[in-house]
Structures are given as structure tokens and as C-alpha cells.
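Let me begin by presenting the structure, written as C-alpha cells, before commenting on it.
Whatever order the structure lists them in is the order used to number ligands and atoms, beginning at 1.
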Amino acid sequence: MTAIGDPITRVDGHAKVTGKAKYAAEFAVPHLTYAVMVTSTIGSGRILSMGTSDAQHAPGVLTVMTPANAPKLPQGGKAAVHPPAGRVLSLLQDNLVHYNNQPIAVVVAETLNQALYASSLVTVRYQRENPHLNFEGGFATAHPGSHGKDPADKSIGNLEQGMAEGEVKVDQVYTTPLENHNPMEPHVTIAEWEGEKLTLHDATQYISGVKQTVAKSFGIPDENVRVLCPYTGGGFGCKGSTWSHVLLAAMAAKVVQRPVKLVLERPQMFGPVGGRPRTHQHVVLAAKRDGTLTAMQHDVHSHTSEIEDFTEPSSSVTRTLYACPAIKTSQRLVPLSLATPTFQRAPGESTGTFALEIAMDELAYKLNMDPIQLRLKNYAEKDPIENKPFSSKHLRECYEQGAARFGWAKRNPAPRSMKRGHDLIGWGMATATYPANRSSASVNVQFEPNGRVTVTCGSQDLGTGTYTIMAQVAAATLKLPIELVNAELGDSAMPKSPVSGGSQTAASVTPAVQAAAKQAQLALFALAAADKDSLFHEVAPQDLDFENGKVVRKGKSGGEDFKELLARNGNKPIGATASAEPEQDSEQYSKHSFGAVFAEVSVDESLGMPHVQRVVGVYDVGTLLNEKTGKSQLIGGIVWGVSLALHEEAHIDNASGRIVNNNLAEYHVPVNADIGEIEVFALNFPDTKFNPLGARGIGEIGITGAGAAIANAIYHATGKRIRSAPITPDMLLT
Ligand code: MOS
């Protein structure tokens, strides 16, 4: 039998490695045409005119869609700014350029090569303005920025008094750069109209969000749009919103009256589909000599675009992580002539822990205190600002187990105290944290006449394992082997599910799987009770159970195969759809996951080259639904933490506002050789106040804390305190 927690290999693994798993760009739609986006080459200004006749007359070209001839959308294309995932988009409704690489035209041709060639023939005359790119220069006029339920400002206690009571202080600025998500699968949309009905194959984290946004943008009913996405080749937040290309593909399909496929070129992944904004984080910590925090201040500036606000809520960690009588946090936005940033894996917590957890390490050194002891001294037994109990918190055990597994007790805290050959060796640690999110979700579970069970949900699998845990939880609930269960997702016609963002899919969908499986079972019992030829004719449902594919009398062996039952009753499937809502009293609690992450880094003494040798992470994420896919998520998060600490940065040309390293050769991400040993453990304490299975999300917490642990290890190795990511060899040369 399959159980919750079993390390089941992903059920879609075979389809993926054999190429049977179809990603959005791979659907063979008859009469397909190919679109290429033309993007701006200035950072700010307006389009005076576009030369399109050469492109129009190039071989195979069907249309060149520009602001001059694009279909007009309701409300100038801004009708969908508010629905789920609705953003301010570039839909060729005006001639304004707000950032470099902004979509300004779409060329559609019979083949991709024809479209690419023709797109190179489009000329643009601009009226240039100077792009606003001075981030620090904008601090004086920055405006407050909120993020979902996180307000721009959140404080408690008397900061001045707390600062005055502090005997030891850390007062520093920490920075993180603009980063751009680059899942292996770029953004893709295939749009096909049939009259007023639109079908989209879209690479997305949110099929029902795309559906609503597109319907609203065109001013058509939601039910006229169907979005399909059985596989997503990575998302990390950039596929959580509906970006311009989705609408542009649908507009172009309307113009050419044929299906259109639009795949973003890799350089187009740097801008039009979001990125993690730059942060400048001023952190002040004040503590008594014994390590007790008396005041914490975390003021964050992040950039946004000139068309829309997006806040990177880095101060969220200081709002929840440590007990302190006086806490002041703020989020301010600086609009720049850059594309609108967006959610990128653990928006807020990944950058926020980089600042706060380095600051805590600095404080520990100033106090001559072990960094774990400092964290335990200020352990938050309840949410410090909200003054609510945590739904479940086992961070103490994370520190203890992490320290034991890493061998922390053997650490000599003195910087430059460990050497291996030519390498300085450092050990550092940090706290990891991410909120537990959950939304309403619906699922259908059906017993099939062929003896199999189908579980269906309009969710998405970004590579995280949604298919697998849907099948696993259905199998565990129905006491069936997982081999008998099919999981289906990725079609907006299926029961509705939330965005696969905020690490909420597993926590939202699996309770609905459980509920639907139980209801489907009841439907089967009713069928048996009504069937004169059934062993269980007129038996009450409370006396029945279901096990290994058979309806059984409770506590008795034997039973009746559901396949036979269905065969006698019209050979039709039978099942039920059920929804699960967040727990009614969950607002009484502060809901977060936690972890402790430990890193060993070597730094070549002559070359300054840092190398992460090993990372140990111990996490409190509630019930681990699947040990294998769950741990893979945590490991993947840590890999990205290495990237944040040592590699990743989008470089802006200050004259043009263009990202100059807009390709995977120059935009540095770690390769296998950059990743040492990673070991992750999950404590598996169920959080049943949050969700009946006790599971919190797991997709984002892995990146949090990892960057700071590495930066702290680099300090320990070298004695150099670097407060700016990425940490590169030039900063470490002696
Ligand atoms: Mo995640 S950045 O909320 O997709």
C-alpha cells in the first residue's frame, strides 16, 4: 500500500525522460503559424514610427503587428490589471517605451525562421528620453510598497528606547542584485481561436489565472477561454503572472485567423517576464551583552518599474523571526526605467534572510557568542509583532539536529582558523524561514470501469511533484497501491486550484484530494447498497470500508472488487468532486516553516575563489508528503541559494537600460561543479492546525538562509565580511 511520506519516484518521470511529456511549445496544432516578438532597444521614450514594409514583404510573413495596427483592447489593454495574476502589460495599445526589451511588435510567419528573419527587418524611430536608472538616487523620493497582506510598514514597541538599551550594535547595509528567472523552458504560448472561443497552450504556474486575465483583457466571458498546461518546465515565480506575450499571441492569432505559437527567445526572458528586484537593506540590531535583542530595524528599498509597483518584501523575516520588544520595518519602492519585477523563489525571504542572517552573525561575533546560541537566546515562542502563537514551530530542533549533523561543535569561531592546503575553510550557519500559504482548491476522484482511479485537479506541476503527491495522497486515502492511480492536471476545465506560487500547491490540493477520495468512496458504497447483486446490498455506508480496490465490511476480510461493482452497474465511472478550504481558525495562528542551514566554504587564498564544499539543512516543514520529491525541492532551493550567494546578477547598461548579460553564457548560474555535498533533513512534525495532512509548502524555503550561511562561512574562512550578493572572487582577493 502507498502511504503519505513514502519516497515515491515521480509518477511523470518516465514520460519526461522518454519525451512523452508534452510542454506547451510541443503541441502540434494544425495550420500553426510562428510569432516572434520585437522588443525595444531604448530604455525610455516613445516610438515615432516603425518601418515594417520590408518585413511585411519578406517570405512567409502573415502580419507585422505594431502599435499602429494592433487590435484595440477594452480599456486600452488595462482591463485585466486586477484579476489574479493580472499585470500592467505591453499590448501595443500605445507608443510608449518604459524599459529596454519591452515588446513593441509581433511578426507572424509560416515558419519560425521566416518570422525571425522578418523581425530583423523591422526598423524603429524613437524619441529617446534618459532612462531613470539611479537606484540609490531614488531613495529620497521612494514610496511605500506593500506585498499581498504584508503592509509597507510594520512595527512594535519603542525603537528609540530599545536602541538606547542596546549595549552592542550592528548597523549595516546589505544589498542584493537584479536577478532574472531562467527556467529551462522559456515562456511559451500557443493561441488558437474558434469563433469567440480561445484555447491556449501556455507555460504557466496558474492556468485559471491566465484564463481570467485573458478573458478580461479581451472582454469575453471566462468560459470562452481554455488554458492547457500539463507540464511546466520550471516556473520559480516568473510563470505566476500572465505577461504580455500571452495576450500578444492571442491578438496575433485573431489577426491572422490561424493558430499562433510564440516562444520567448532566451534574451527576452530578461525583462518582459519579471525578475527579482534589487534590494538595499539597512539593518540595525541592538542587544544586551548577554545577547538579548533590545531593538531591530530593517528598512528595505527595492526597485520597481515606472508602470507598476512590485514589492520585494525582504523585511518580512524581521517581522517574524526573533523575539524583540522593539521592531521597526519598512518597504520602499524606487521606480526605474526597468521592467516590472515579480515573485522569484521566496520573494522577500531569500533576500531578507541574506541581510538579517548576516547581521545576526555579525552581532554574534561582536558579542563573542556562538551564532546558534544568539538565535536560541532570542527564540520567538510566538509571532513577535502579530502576537499570535505559531500553528507549529520546531526551529529549536532544526538548530540542534543541524549542528549535530554538520559537526558544528568542532568549529573554532576565529576567522582564518581553518586551512586545507591552499584553501581557507569557513563554516557558517543561518536560519531559514518561509510562510505557510494555503488556498481553496477542488479535486475530482473517480473510480474507473477498468479498475483504475483517476484524480483530477486544475493545478500545475512545475517539476515540483504535483502529479506524484496527488496520486500518492489519493492512493493513501483509498488504501490502494499508487500504480492504480492516474493523476491529471493542467487544464482550466478541471476543478479549480490556486496559483502554484507561494509554496501553496501541496498544502492546498492534497486536502481536497483526501476529501474527494472519501466522497468518491461513499458514492461507491451507495452504489453497492443499491445493487441487489452486491455482497453489500442495503448495507449502511458506515459499516463499509475500502481497501486494496475492494469494498469490504469493516473489520472483515473478503469483499467486492469495485471493478465488478461498476461492471454490473452500467460500466460507468463513479466519483465525486470536493473542495477544501483553509482551516477556519487558521487566522488565529502565525503560520511559517523554519529551518537551519549550515555551509562549509573553501576560499582559495591566492585567487579568492569561493567554493561551497557542503551544505546541511534541517527543515521544519510539517508532514513530508513524499520524502523523495520533497527533499529534491529543498536541495533545489539550496542550489539556488548558492547561486544567490556567489553567482547571479543581471548587469544593466546605464546608458540604455539594457541587461547586457541577457543569455545563459554570461548570466552566471551554478553548474554541478559549483555545488558540493548537499544533505537535507525534514523533521516531519505535522502541522494539523494548518492543514489536515499537517503539510506546509516546501518549494521556496530551501533558498532562504542558504545565501547568508555561505556569506557567514566566507567571513569565517577569510575574515572578510561581504554584505553584497553575489560574492565574487575580486571581493576576496587579499
Ligand atoms: Mo513562487 S516565487 O511564489 O512562484
(message) So, using salt bridge (Lys or Arg N to Asp or Glu O under 4.0 Å) as the criterion, who are the partners of Glu265 when residues are at least two apart?
(response) none
Atoms in ligand 1 with a heavy atom of [X] nearer than 4.0 Å:
| X | value |
| --- | --- |
| Gln205 | 4 (O) |
| Gly502 | 1 (Mo), 3 (O) |
| Arg345 | 2 (S) |
| Glu700 | 1 (Mo), 2 (S), 3 (O) |
| Phe236 | 2 (S), 4 (O) |

(message) Taking the side chain as everything from C-beta on, heavy atoms only, tell me whether His303 gets closer than 4.5 Å to Pro341.
(response) yes
(request) Please confirm whether Lys16 makes a cation-pi placement over Tyr231, using NZ or CZ under 6.0 Å from the six-membered ring centre and within 45° of the ring normal. (result) no
(request) Kindly say whether Arg226 contributes a backbone atom to a donor-acceptor pair with the side chain of Thr199 at under 3.5 angstrom? (result) no
(message) Using 0.5 Å steps for rounding, measure from the CD atom of Gln504 to the OG atom of Ser459.
(response)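 Reported value, rounded in 0.5 Å steps: 9.0 Å.
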(message) Please check whether Gly237 reaches ligand 1 - meaning an N/O of the residue sits under 3.5 Å from an N/O of the ligand, judged on distance alone.
(response)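 For ligand 1, there is an N or O atom that lies under 3.5 Å from one belonging to Gly237.
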(request) Give a yes or no on whether Lys216 atom NZ has more than 12 heavy-atom contacts from other residues, nucleotides or ligands under 6.0 Å away. (result) no
(request) Please work out whether any backbone atom (N, CA, C, O) or any side-chain heavy atom from C-beta onward of Pro347 is under 4.0 Å from ligand 1, and answer side chain, backbone, both or neither. (result)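 It is the side chain that gets close, since no backbone atom is under 4.0 Å.
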